[in-house]
Amino acid sequence: GQSLEQPSEVTAVEGAIVQINCTYQTSGFYGLSWYQQHDGGAPTFLSYNALDGLEETGRFSSFLSRSDSYGYLLLQELQMKDSASYFCAPTSGGYQKVTFGIGTKLQVIP
Amino acid sequence: DVKVTQSSRYLVKRTGEKVFLECVQDMDHENMFWYRQDPGLGLRLIYFSYDVKMKEKGDIPEGYSVSREKKERFSLILESASTNQTSMYLCASSLSGGRNEQYFGPGTRLTVT
(Lines give C-alpha, C1' and ligand atoms only; values in the text may rest on other atoms or scores of the structure.)
Protein backbone atom coordinates (compact mmCIF):
# COMPACT_ATOMS: atom_id res chain seq x y z
CA GLY A 1 0.00 0.00 0.00
CA GLN A 2 0.90 3.65 0.06
CA SER A 3 1.72 5.61 3.19
CA LEU A 4 3.32 8.91 4.06
CA GLU A 5 4.46 10.06 7.50
CA GLN A 6 5.79 13.37 8.73
CA PRO A 7 5.39 15.14 12.07
CA SER A 8 2.22 17.16 12.38
CA GLU A 9 3.77 20.12 14.21
CA VAL A 10 7.25 21.48 14.90
CA THR A 11 8.28 24.57 16.84
CA ALA A 12 11.69 26.18 16.46
CA VAL A 13 13.43 29.38 17.45
CA GLU A 14 14.26 32.18 15.04
CA GLY A 15 17.82 31.80 13.75
CA ALA A 16 17.98 28.10 14.56
CA ILE A 17 18.01 25.03 12.29
CA VAL A 18 15.08 22.65 11.96
CA GLN A 19 14.76 19.30 10.22
CA ILE A 20 11.41 17.92 9.05
CA ASN A 21 11.50 14.18 8.42
CA CYS A 22 9.41 12.22 5.98
CA THR A 23 9.00 8.49 5.48
CA TYR A 24 7.02 7.11 2.61
CA GLN A 25 5.85 3.87 1.14
CA THR A 26 5.10 4.50 -2.51
CA SER A 27 4.94 2.00 -5.34
CA GLY A 28 6.52 3.16 -8.59
CA PHE A 29 8.49 5.86 -6.74
CA TYR A 30 10.26 8.48 -8.87
CA GLY A 31 11.30 11.21 -6.50
CA LEU A 32 10.42 13.34 -3.50
CA SER A 33 9.27 16.95 -3.58
CA TRP A 34 8.79 19.48 -0.81
CA TYR A 35 6.20 22.25 -0.83
CA GLN A 36 5.57 25.20 1.45
CA GLN A 37 2.14 26.62 2.21
CA HIS A 38 1.45 29.71 4.26
CA ASP A 39 -1.93 30.05 5.96
CA GLY A 40 -4.48 31.18 3.40
CA GLY A 41 -2.08 30.68 0.52
CA ALA A 42 -1.44 28.08 -2.14
CA PRO A 43 1.38 25.52 -1.92
CA THR A 44 4.63 26.55 -3.57
CA PHE A 45 7.39 24.23 -4.73
CA LEU A 46 10.62 24.16 -2.73
CA SER A 47 12.73 21.25 -3.95
CA TYR A 48 12.84 17.88 -5.66
CA ASN A 49 15.15 14.91 -5.08
CA ALA A 50 15.27 12.14 -7.64
CA LEU A 51 18.60 10.71 -6.51
CA ASP A 52 20.02 9.92 -3.11
CA GLY A 53 21.79 12.76 -1.40
CA LEU A 54 21.46 16.37 -0.43
CA GLU A 55 20.15 19.20 -2.60
CA GLU A 56 20.76 22.74 -1.39
CA THR A 57 18.81 25.83 -2.35
CA GLY A 58 19.78 28.82 -0.26
CA ARG A 59 18.70 28.33 3.35
CA PHE A 60 16.77 25.18 2.46
CA SER A 61 18.22 21.73 1.82
CA SER A 62 16.46 18.48 1.05
CA PHE A 63 17.77 14.96 1.45
CA LEU A 64 16.65 11.62 0.03
CA SER A 65 17.55 8.02 0.79
CA ARG A 66 15.70 5.79 -1.65
CA SER A 67 16.81 2.59 0.07
CA ASP A 68 15.34 3.80 3.38
CA SER A 69 12.26 5.43 1.80
CA TYR A 70 13.20 8.48 3.81
CA GLY A 71 13.78 12.15 3.22
CA TYR A 72 14.05 15.37 5.14
CA LEU A 73 13.85 19.09 4.66
CA LEU A 74 16.43 21.20 6.49
CA LEU A 75 15.75 24.85 7.11
CA GLN A 76 18.66 26.96 8.34
CA GLU A 77 18.78 30.45 9.83
CA LEU A 78 15.08 30.29 10.53
CA GLN A 79 13.07 33.45 9.96
CA MET A 80 9.60 34.30 11.20
CA LYS A 81 8.33 34.15 7.61
CA ASP A 82 9.25 30.45 7.52
CA SER A 83 6.23 29.76 9.72
CA ALA A 84 4.10 27.68 7.37
CA SER A 85 3.07 24.13 6.57
CA TYR A 86 5.58 21.92 4.77
CA PHE A 87 4.54 18.95 2.69
CA CYS A 88 6.71 16.10 1.54
CA ALA A 89 5.24 14.75 -1.68
CA PRO A 90 6.43 11.56 -3.37
CA THR A 91 6.03 11.30 -7.14
CA SER A 92 5.07 7.94 -8.56
CA GLY A 93 3.68 6.10 -11.52
CA GLY A 94 3.85 6.63 -15.24
CA TYR A 95 1.82 9.83 -15.04
CA GLN A 96 3.94 11.31 -12.25
CA LYS A 97 1.21 11.44 -9.69
CA VAL A 98 2.21 13.49 -6.66
CA THR A 99 0.87 12.49 -3.26
CA PHE A 100 0.60 15.13 -0.57
CA GLY A 101 0.05 14.23 3.05
CA ILE A 102 -1.21 16.22 5.98
CA GLY A 103 1.97 18.26 6.16
CA THR A 104 4.04 19.60 9.04
CA LYS A 105 3.04 22.90 10.59
CA LEU A 106 6.20 24.80 11.50
CA GLN A 107 5.98 27.59 14.01
CA VAL A 108 8.99 29.86 14.35
CA ILE A 109 9.12 31.70 17.64
CA PRO A 110 11.27 34.71 18.61
CA ASP B 1 5.93 33.52 -14.65
CA VAL B 2 3.57 30.58 -14.63
CA LYS B 3 0.07 31.61 -13.88
CA VAL B 4 -2.72 29.31 -12.79
CA THR B 5 -6.08 30.96 -12.31
CA GLN B 6 -9.30 29.62 -10.87
CA SER B 7 -12.71 30.95 -11.76
CA SER B 8 -13.85 31.90 -8.27
CA ARG B 9 -12.16 32.59 -4.95
CA TYR B 10 -15.34 31.91 -2.97
CA LEU B 11 -18.45 30.00 -4.01
CA VAL B 12 -21.66 29.14 -2.16
CA LYS B 13 -23.97 26.51 -3.62
CA ARG B 14 -26.99 24.58 -2.47
CA THR B 15 -27.18 20.83 -1.96
CA GLY B 16 -28.03 19.06 -5.21
CA GLU B 17 -26.78 21.80 -7.51
CA LYS B 18 -24.36 21.05 -10.31
CA VAL B 19 -21.15 22.97 -9.73
CA PHE B 20 -18.39 23.83 -12.18
CA LEU B 21 -14.92 24.88 -11.04
CA GLU B 22 -12.67 26.17 -13.78
CA CYS B 23 -8.90 26.26 -13.91
CA VAL B 24 -6.72 27.86 -16.58
CA GLN B 25 -2.93 27.78 -16.93
CA ASP B 26 -0.88 29.86 -19.33
CA MET B 27 2.37 27.89 -19.60
CA ASP B 28 1.45 25.09 -21.99
CA HIS B 29 1.73 22.46 -19.26
CA GLU B 30 0.72 18.92 -20.13
CA ASN B 31 -0.38 17.92 -16.62
CA MET B 32 -3.21 19.41 -14.65
CA PHE B 33 -4.56 18.40 -11.24
CA TRP B 34 -7.49 18.99 -8.93
CA TYR B 35 -7.04 18.66 -5.17
CA ARG B 36 -9.18 19.36 -2.19
CA GLN B 37 -7.74 20.49 1.11
CA ASP B 38 -9.44 19.93 4.43
CA PRO B 39 -8.16 20.54 7.97
CA GLY B 40 -6.46 17.46 9.35
CA LEU B 41 -6.63 15.66 6.01
CA GLY B 42 -4.10 17.60 3.97
CA LEU B 43 -4.20 17.79 0.19
CA ARG B 44 -5.99 14.95 -1.54
CA LEU B 45 -5.93 14.33 -5.27
CA ILE B 46 -9.35 14.15 -6.92
CA TYR B 47 -8.47 13.83 -10.61
CA PHE B 48 -5.59 14.62 -12.91
CA SER B 49 -5.07 14.95 -16.63
CA TYR B 50 -1.86 14.36 -18.56
CA ASP B 51 -3.16 15.46 -21.96
CA VAL B 52 -6.20 16.95 -23.65
CA LYS B 53 -9.26 14.72 -23.23
CA MET B 54 -7.25 12.36 -20.99
CA LYS B 55 -7.99 11.93 -17.31
CA GLU B 56 -7.05 9.68 -14.44
CA LYS B 57 -8.79 9.18 -11.12
CA GLY B 58 -6.95 10.33 -8.06
CA ASP B 59 -7.50 9.16 -4.53
CA ILE B 60 -11.01 10.54 -3.96
CA PRO B 61 -12.87 10.80 -7.30
CA GLU B 62 -16.31 9.83 -6.01
CA GLY B 63 -18.88 12.54 -6.58
CA TYR B 64 -16.68 14.41 -9.06
CA SER B 65 -15.98 14.43 -12.76
CA VAL B 66 -13.57 16.44 -14.91
CA SER B 67 -13.28 17.81 -18.40
CA ARG B 68 -10.24 18.83 -20.42
CA GLU B 69 -11.22 19.96 -23.88
CA LYS B 70 -8.30 22.36 -24.30
CA LYS B 71 -4.75 22.04 -23.04
CA GLU B 72 -4.91 25.17 -20.90
CA ARG B 73 -8.23 24.47 -19.20
CA PHE B 74 -9.24 21.80 -16.68
CA SER B 75 -12.71 21.79 -15.18
CA LEU B 76 -13.93 20.04 -12.06
CA ILE B 77 -17.61 19.17 -11.94
CA LEU B 78 -19.65 18.31 -8.89
CA GLU B 79 -22.62 16.52 -10.41
CA SER B 80 -24.86 16.97 -7.37
CA ALA B 81 -23.21 18.99 -4.65
CA SER B 82 -23.39 17.68 -1.10
CA THR B 83 -22.43 19.28 2.20
CA ASN B 84 -19.43 16.94 2.57
CA GLN B 85 -17.97 18.56 -0.53
CA THR B 86 -17.56 21.83 1.32
CA SER B 87 -13.83 22.38 1.04
CA MET B 88 -10.94 24.35 -0.44
CA TYR B 89 -10.34 23.23 -4.02
CA LEU B 90 -6.90 23.73 -5.52
CA CYS B 91 -5.91 23.36 -9.13
CA ALA B 92 -2.31 22.79 -10.23
CA SER B 93 -0.36 22.27 -13.43
CA SER B 94 3.07 20.90 -14.31
CA LEU B 95 5.29 19.99 -17.21
CA SER B 96 5.79 16.31 -17.90
CA GLY B 97 9.15 14.89 -16.94
CA GLY B 98 11.94 16.43 -14.93
CA ARG B 99 11.14 17.46 -11.42
CA ASN B 100 7.39 17.68 -12.01
CA GLU B 101 7.14 21.01 -10.23
CA GLN B 102 3.49 21.79 -9.65
CA TYR B 103 2.19 25.33 -9.86
CA PHE B 104 -0.96 25.98 -7.87
CA GLY B 105 -3.83 28.35 -8.37
CA PRO B 106 -5.13 30.49 -5.49
CA GLY B 107 -7.90 28.02 -4.64
CA THR B 108 -11.69 28.13 -4.52
CA ARG B 109 -13.38 27.99 -1.15
CA LEU B 110 -16.63 26.13 -1.85
CA THR B 111 -19.42 26.04 0.68
CA VAL B 112 -22.39 23.75 0.06
CA THR B 113 -25.42 24.53 2.19
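The chains referred to below are lettered A, B, ... by the order of the sequence lines, with proteins before strands, and numbering in each begins at 1.
- Atom CG in B/Asp59 sits 6.0 Å away from atom OG1 in A/Thr99 (nearest 0.5 Å).
- Between A/Phe45 and B/Tyr103, the distance from one ring center to the other does not fall under 6.0 angstrom.
- Contact of B/Glu30 with chain A is not made at all, since no heavy-atom distance falls under 4.5 Å.
- Only the side chain of B/Asn31 comes within contact range of chain A, with at least one heavy atom under 4.5 Å from a heavy atom of that chain.
- Heavy atoms of A/Tyr30 lying under 4.5 Å from chain B are absent altogether.
- A 6.0 Å sphere centred on CD of A/Glu5 holds no more than 12 heavy atoms belonging to other residues, nucleotides or ligands.
- Under a hydrophobic clustering in which Ile, Leu, Val, Met, Phe, Trp and Tyr are joined whenever their side-chain heavy atoms come within less than 4.5 Å, directly or via other members, A/Leu78 and A/Leu74 fall into different clusters.
- There is a path of hydrophobic side-chain contacts, each under 4.5 Å, that joins A/Val18 to A/Leu46.
- Residue contact with chain A, scored on non-hydrogen atoms closer than 4.5 Å, involves the side chain of B/Leu45 exclusively.
- The parts of A/Phe100 that come within reach of chain B are both its backbone and its side chain, each placing non-hydrogen atoms under 4.5 angstrom from that chain.
- No path of Ile, Leu, Val, Met, Phe, Trp and Tyr side chains, each step under 4.5 Å between heavy atoms, connects B/Val66 with B/Met54, placing them in separate hydrophobic clusters.
- Looking at B/Glu56 and A/Lys97, their side chains never come closer than 4.5 Å, going by heavy atoms from C-beta outward.
- Distance check, rounded to the nearest 0.5 Å: CD of B/Glu101 to OG of A/Ser47 gives 10.0 Å.
- More than 12 heavy atoms of other residues, nucleotides or ligands lie within 6.0 Å of CZ in B/Arg9, so this atom counts as buried by the packing criterion.
- For the pair A/Val98 and B/Tyr35, the tightest heavy-atom approach, listed with the atom from each and the gap, is O-OH, 3.7 Å.
- Ranked by heavy-atom pairs under 4.5 Å with chain B, the list A/Gly103, A/Gly101, A/Pro43, A/Ala42 is led by A/Pro43.
- The 12-atom threshold is exceeded at CD of A/Gln19, counting heavy atoms of other residues, nucleotides or ligands nearer than 6.0 Å.
- Hydrophobic clustering (ILVMFWY, side-chain heavy atoms < 4.5 Å, transitive): B/Met32 and B/Leu76 are in one cluster.
- Heavy atoms of other residues, nucleotides or ligands lying less than 6.0 angstrom from CG of A/Asp39 number 12 at most.
- Interface remark: of the candidates B/Phe33, B/Phe48, B/Phe104, B/Phe104 forms the most heavy-atom pairs closer than 4.5 Å to chain A.
- In terms of hydrophobic clustering, with Ile, Leu, Val, Met, Phe, Trp and Tyr side chains grouped at heavy-atom distances under 4.5 Å, B/Met88 and B/Leu21 are assigned to different clusters.
- Ranked by non-hydrogen atom pairs under 4.5 Å with chain A, the options B/Ser94, B/Pro106, B/Gly40, B/Gly107 are led by B/Gly40.
- When all heavy atoms of A/Ile102 and B/Leu41 are compared, the pair lying nearest together is CG1-C, 4.0 Å.
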